[in-house]
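Chain naming here is simple, since letters A, B, ... match the order of the sequence lines and numbering starts at 1 in each. Just so it is clear, the values below take in all heavy atoms, side chains as well, and ignore hydrogens, waters and symmetry mates.
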Protein chains: 2
Amino acid sequence: MIRTASSRRPVPVSRNRRESIAGMPKKVDHAERRRLIADALMRVAAEQGLEAVSLRHVAAAADVSAGMVQHYFRTKDEMMTFALSVVKERSQQRVEAAIARLGDDPRPRDLLRALTTALLPLDGPSREDGRVALAFLAYTAVRPQPALRAETEQMVGFIASLLPGGEADAAGLLALMEGLGLYVLGGQYTPEQALAALDTQLEKLFNA
Amino acid sequence: MIRTASSRRPVPVSRNRRESIAGMPKKVDHAERRRLIADALMRVAAEQGLEAVSLRHVAAAADVSAGMVQHYFRTKDEMMTFALSVVKERSQQRVEAAIARLGDDPRPRDLLRALTTALLPLDGPSREDGRVALAFLAYTAVRPQPALRAETEQMVGFIASLLPGGEADAAGLLALMEGLGLYVLGGQYTPEQALAALDTQLEKLFNA
DNA sequence: GTGGATGCAATGCAACTGCATTGCTAAAGA
DNA sequence: TCTTTAGCAATGCAGTTGCATTGCATCCAC
């Protein structure tokens, strides 16, 4: 796992991004580097759990020096926070892509199904993200983040607007999805079982 | 957090358990000690997260020496595993107590409501347990435990036997409960919201 | 008593942690 | 050309980790 001095040669970095952002200082794309490191962190977290995430482990996984990790994240916590934001961003993108795939004016039921299945850890990559998200969930469970509350509230509101029923139905659907995701991740439900449960519920919700 | 040498005096232990189990060796109740330590571990985990669980922290929280912790658990992992089993056991007891409170021949719907609400982290102690369970969930998410799968399957079967619908309904209800618990723990849902969502679902399930 | 097992405390140790510091390289501005 | 600065690597350090080892005190069987 430890790099030898001979195999170093960190990474061929794409340069010349000077023109992209006003005031961009020197030569490497800061954001890109941070993403690179965050990706490595998520790989470590997905494979070995969050406890295994350390500066040196992440650096090794990213195939860079520990010093570079420190250069881009002043503290470990800053790195963690950034990685968490990347996970969120990715799941957001997944949802948007799934919805875009539906075309214009989809039926609410189809939209909801696309939304929920996009958030379920059904295929390989989303399973990885799910594991990381779960790890973070436990990590932050001690000091609950008020931001999450607002996000969830918004989500519930959105779902409720698509549903014939009330807010309780929406909250239930969201929680159901979360629980299904958990069980799929834990291997207790197969993806098929989860989808069956989800569809059963959608059927109920749209037949009132 | 560190004990001073003067305030040591470990703990007044109940002795004379020789008669309880055949072949019990000397004087202290092994199982009781292990429980004491596991309790401390869970306090630490609930308050500061699983990363904060170390031999020394747990020992300090239990007000015993680190050596004693090592005496009762040969490895940290053994200690963790035992603590996990205690959490499970406690939630099991909660469920049984809730069901017993219903008296004889309860209606399936009441039984299910009692079962699910008993597993939700609604009051203080169950919230603590929930946090610990969540931490363990993430901890073991990396190497999924096959035992969990069987347990869940059994649970789904039991729920299904109480429900007019099929297995998908049962799986959904269980996942819903899990998700609600997660959101209550994270502070995204209030206990009232969670209960409302749960009751709404029970209503749906028993009105087919 | 004596011998052996048990319960426990203390100490030590190598590995690892996050982070501060230092110093080098190379590119950009003067 | 010279100075400055960003980008990075290396090293060091104090603190913590899990665990092995050692030693002592108590109890039981004999």
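Distance from the side chain of S65(A) is smallest to dC8(D) among dT17(D), dC8(D), dA9(C). Ranking dA9(D), dT17(C), dA20(C) by closeness to the R56(A) side chain, first place goes to dT17(C). Distance from the side chain of H30(A) is smallest for dG7(D) among the nucleotides dG7(D), dC19(C), dG7(C). If you check dC19(D), dT17(C), dG7(D) against the side chain of K76(B), the one that comes closest is dC19(D). Minimum atom distance to the side chain of Y72(B) is reached by dG7(C), of the listed dG7(C), dG18(D), dC19(C).
Comparing V69(A) and D77(B) along DNA chain D, the residue whose closest nucleotide (by nearest heavy atom) sits nearer the 5' end is V69(A). Of the two residues contacting DNA chain C, namely R74(A) and A52(A), the nearest-nucleotide position lying further toward the 5' end is that of A52(A).
The distance from atom CZ of F158(A) to atom CG of L112(A), rounded to the nearest 0.5 Å, is 7.5 Å.
The distance from atom CD of Q70(B) to atom C1' of dG18(D) is 8 Å, rounded to the nearest whole Å. In this structure, the CD atom of E51(A) is 12 Å from the P atom of dT17(C), given to the nearest Å. In this structure, I37(B) atom CD1 and dG18(D) atom P are separated by 14 Å, rounded to whole Å. When rounded to the nearest whole Å, the span between CD of E32(B) and P of dG7(C) equals 13 Å. Atom-to-atom, CG of D63(A) to C1' of dA9(D) comes out at 14 Å; the value is rounded to the nearest Å. Rounded to whole Å, the distance from CZ on R34(A) to C1' on dC8(D) is 16 Å. The nearest whole Å value for the distance from the NE2 atom in H71(B) to the C1' atom in dA9(C) is 11 Å. Remark: P of dT11(C) and CE of M68(B) are 19 Å apart, rounded to the nearest angstrom.
V53(A) comes within 4.0 angstrom of the backbone, heavy atoms only, and of no base.
Between H57(A) and dT17(C), a side-chain N or O to OP1/OP2 separation shorter than 4.0 Å is present. Within the 4.0 Å cut-off from OP1 or OP2 of dT17(D), at least one side-chain nitrogen or oxygen of S54(B) is found.
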Q.
Does E47(B) form a salt bridge (Lys or Arg N to Asp or Glu O under 4.0 Å) with R131(B)? I'd like the steps, not just the answer.
A. CA-CA 9 Å; E47(B) 286 165 24; R131(B) 287 182 172 199; over 6 Å; no

Q: Evaluate salt bridge (Lys or Arg N to Asp or Glu O under 4.0 Å) for R94(A) paired with E89(A), printing each intermediate quantity in order.
A: CA-CA 9 Å; R94(A) 251 194 281 273; E89(A) 190 182 309; over 6 Å; no

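Using a cut-off of 4.0 Å between Lys/Arg side-chain N and Asp/Glu carboxylate O, E78(A) and R34(A) are scored as salt-bridged. Ion pairing between a basic and an acidic side chain is recognised when a charged N comes within 4.0 Å of a carboxylate O; D39(A) and R90(A) show such pairing.
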